[in-house]
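Order of listing sets the numbers, starting from 1, for every ligand and every atom in it. Starting from 1, each residue takes its place in the sequence as its number. Here the structure is a predicted model, which is why all the values come from computation and not from measurement.
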Amino acid sequence: MPRKTRRRRGILVVVSGPSGVGKSTVVKRLLKLEKNLKLSISATTRPPRPGESHGEHYYFVTQAEFDRMVKRNEFLEWAKVHGYYYGTPLKQLKDELARSKNVVSEVDVQGAASMKQMVEDGKLAVTAVFIFLIPPSVDILAFRLKKRKTEDEEVVNYRLRAAIAELQVMEKYDYIVVNDKVESAAEKIRAIINVEKERTLLN
Ligand code: ADP
Ligand code: 5GP
């Protein structure tokens, strides 16, 4: 017999993977496909890239502002990634989940690892699914990083070396999705969300 319907909390969808693999691109596409999905907007000390705006892609903050947010425990997690600081604000994430929205969080491997630990330790009482996005090949990853043209060659090479190391942690994730075509990667994540939503009925 079906259980009594109750208002379900949303699920947290963590999308991680190496820099340049296409996380932002795929998540952007996914947000268009899934109306009940909200983006967790991180704060960062990195300067905006052309086309990025405050409050839409990131909250662009100064180092002093970021430090203040850390002191006030405003972040679920934060990490230094490629020389800049990035943090996931806790309040927005909790509020959206409580409103039954699903939330997608795009973080580096350190952020995903700390979120996973918090969920496992019961410090973050949410249903979460961890997805690792991989490139079809390392050569394609190198090509994509260069194509984005947002970093100079030295930074691209550094990010590429880091990416190869980051690929080693993929077995810790619930799902591995190959970002071959943006559309199909977004569709695969959409299918995962739909399956995971059903699973929460059993919790
Ligand atoms: P990340 O957020 O993981 O650092 P981006 O989303 O910025 O990566 O993508 C890096 C570059 O690769 C961008 O120029 C983007 O347009 C391109 N890209 C992303 N996904 C694909 C794909 N499936 N096919 C071809 N190019 C892609
Ligand atoms: P970019 O500068 O290319 O936007 O992001 C660099 C890296 O930081 C990416 O791997 C991205 O997923 C990650 N990132 C973005 N926001 C956060 C966050 O709030 N926490 C953590 N740990 N990583 C983040």
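In terms of protein heavy atoms, atom 8 (O) of ligand 1 is closest to G22 N, 3.1 Å. Shortest contact from atom 16 (N) of ligand 2 to any protein heavy atom: S42 OG, 3.1 Å. In terms of protein heavy-atom proximity, atom 20 (N) of ligand 1 is closest to N179 ND2, 3.0 Å. Looking only at heavy atoms of the protein, atom 6 (C) of ligand 2 is closest to Y86 OH, 3.5 Å. The closest protein non-hydrogen atom to atom 7 (O) of ligand 1 is R148 NH1, 2.7 Å. At the top of the distance list for atom 7 (C) of ligand 2, counting protein heavy atoms only, stands V81 CG1, 3.7 Å. Counting only heavy atoms of the protein, atom 17 (C) of ligand 1 lies nearest to K147 NZ, 3.7 Å. Summary of contacts: the protein heavy atom closest to atom 15 (C) of ligand 2 is Y58 OH, 3.3 Å. Of all protein heavy atoms, the one closest to atom 6 (O) of ligand 1 is T25 OG1, 2.5 Å.
Side-chain N or O atoms of D174 include one that pairs as donor or acceptor with a backbone N or O of F130 at under 3.5 Å. Side-chain N or O atoms of K23 include none that pairs as donor or acceptor with a backbone N or O of G20 at under 3.5 Å. Within the 3.5 Å criterion, the main-chain N or O of F75 finds no donor-acceptor partner in the side chain of T88. Listed for the Q92 side chain is a donor-acceptor partner under 3.5 Å among the backbone atoms of I41. N179 contributes a side-chain N or O that, together with a main-chain N or O of V21, makes up a donor-acceptor pair within less than 3.5 Å. Distance alone, capped at 3.5 Å, places no donor-acceptor pair between the D108 side chain and the K80 backbone. Proximity of a side-chain donor or acceptor of Q63 to a complementary backbone N or O of T45 within less than 3.5 Å is not detected.
Counting atoms of ligand 1 from 1 in the listed order, those under 4.0 Å from a heavy atom of S24 are 2 (O), 6 (O). Of all atoms in ligand 2, listed by their number and element, those nearer than 4.0 Å to a heavy atom of A79 are 22 (N). Heavy-atom contacts of G87 reach the following atoms of ligand 2: 18 (C), 19 (O) (cutoff under 4.0 Å). Counting atoms of ligand 2 from 1 in the listed order, those under 4.0 Å from a heavy atom of R46 are 1 (P), 2 (O), 4 (O). Of all atoms in ligand 2, numbered sequentially from 1 with element shown, those under 4.0 Å from a heavy atom of G111 are 22 (N).
Here the straight-line distance linking atom NE2 of H57 with atom OG1 of T44 works out to 13.5 Å at 0.5 Å rounding. Atom CD of E183 and atom CZ of R29 lie 4.0 Å apart (nearest 0.5 Å). Separating the CG atom in L12 from the CG atom in N102 is a distance of 9.5 Å, to the nearest 0.5 Å. Between atom CZ of residue F60 and atom CD of residue E52 there is a gap of 4.0 Å, rounded to the nearest 0.5 Å. With rounding to the nearest 0.5 Å, the separation of CZ in R159 from CG in L141 is 11.0 Å.
Considering both main-chain and side-chain atoms, H82 never comes within under 3.5 Å of ligand 2 through any nitrogen or oxygen pair. Not a single N or O atom of E52, backbone or side chain, sits closer than 3.5 Å to an N or O atom of ligand 2. The N/O atoms of T88, backbone and side chain alike, include one that comes under 3.5 Å of an N/O atom in ligand 2. Checked by distance only, ligand 2 and W78 stay at 3.5 Å or farther apart across all their nitrogen or oxygen atoms.
Looking at heavy atoms from C-beta onward, V109 lies in side-chain contact with F132 at the 4.5 angstrom threshold. Contact annotation: the side chain of V155 never approaches that of H82 to less than 4.5 Å [non-hydrogen atoms, C-beta and beyond].
F75 does not count as a contact of ligand 2, since none of its heavy atoms falls under 4.0 Å from the ligand.
Between atom 20 (N) of ligand 2 and the options E77, K23, H57, the minimum heavy-atom separation is to E77. For atom 18 (N) of ligand 1, the choice among E106, R144, K181, R159 with the nearest heavy atom turns out to be R144. Remark: among candidates S19, G20, P135, the nearest residue to atom 10 (C) of ligand 1 is G20, based on non-hydrogen atoms.
The ring pair (Phe, Tyr, Trp, His ring centres under 6.0 Å) test with F66 is passed by exactly one of Y86, Y85, Y59: Y85.
Contact annotation for D108 and ligand 2: heavy atoms of both the backbone and the side chain come within less than 4.0 Å of the ligand. Residue-level proximity to ligand 2 for R49 is carried by the side chain, the only part with a heavy atom below 4.0 angstrom. Using a 4.0 Å cut-off between heavy atoms, Y84 makes no contact with ligand 2 at all. With a heavy-atom cut-off of 4.0 Å, R159 touches ligand 2 through its side chain alone. Under 4.0 Å from ligand 1, the heavy atoms of P18 that appear belong solely to its backbone. With a 4.0 Å cut-off on non-hydrogen atoms, D180 touches ligand 1 through its backbone and not its side chain.
Between V14 and M115, the closest heavy-atom pair is CG2-SD, 3.7 Å.
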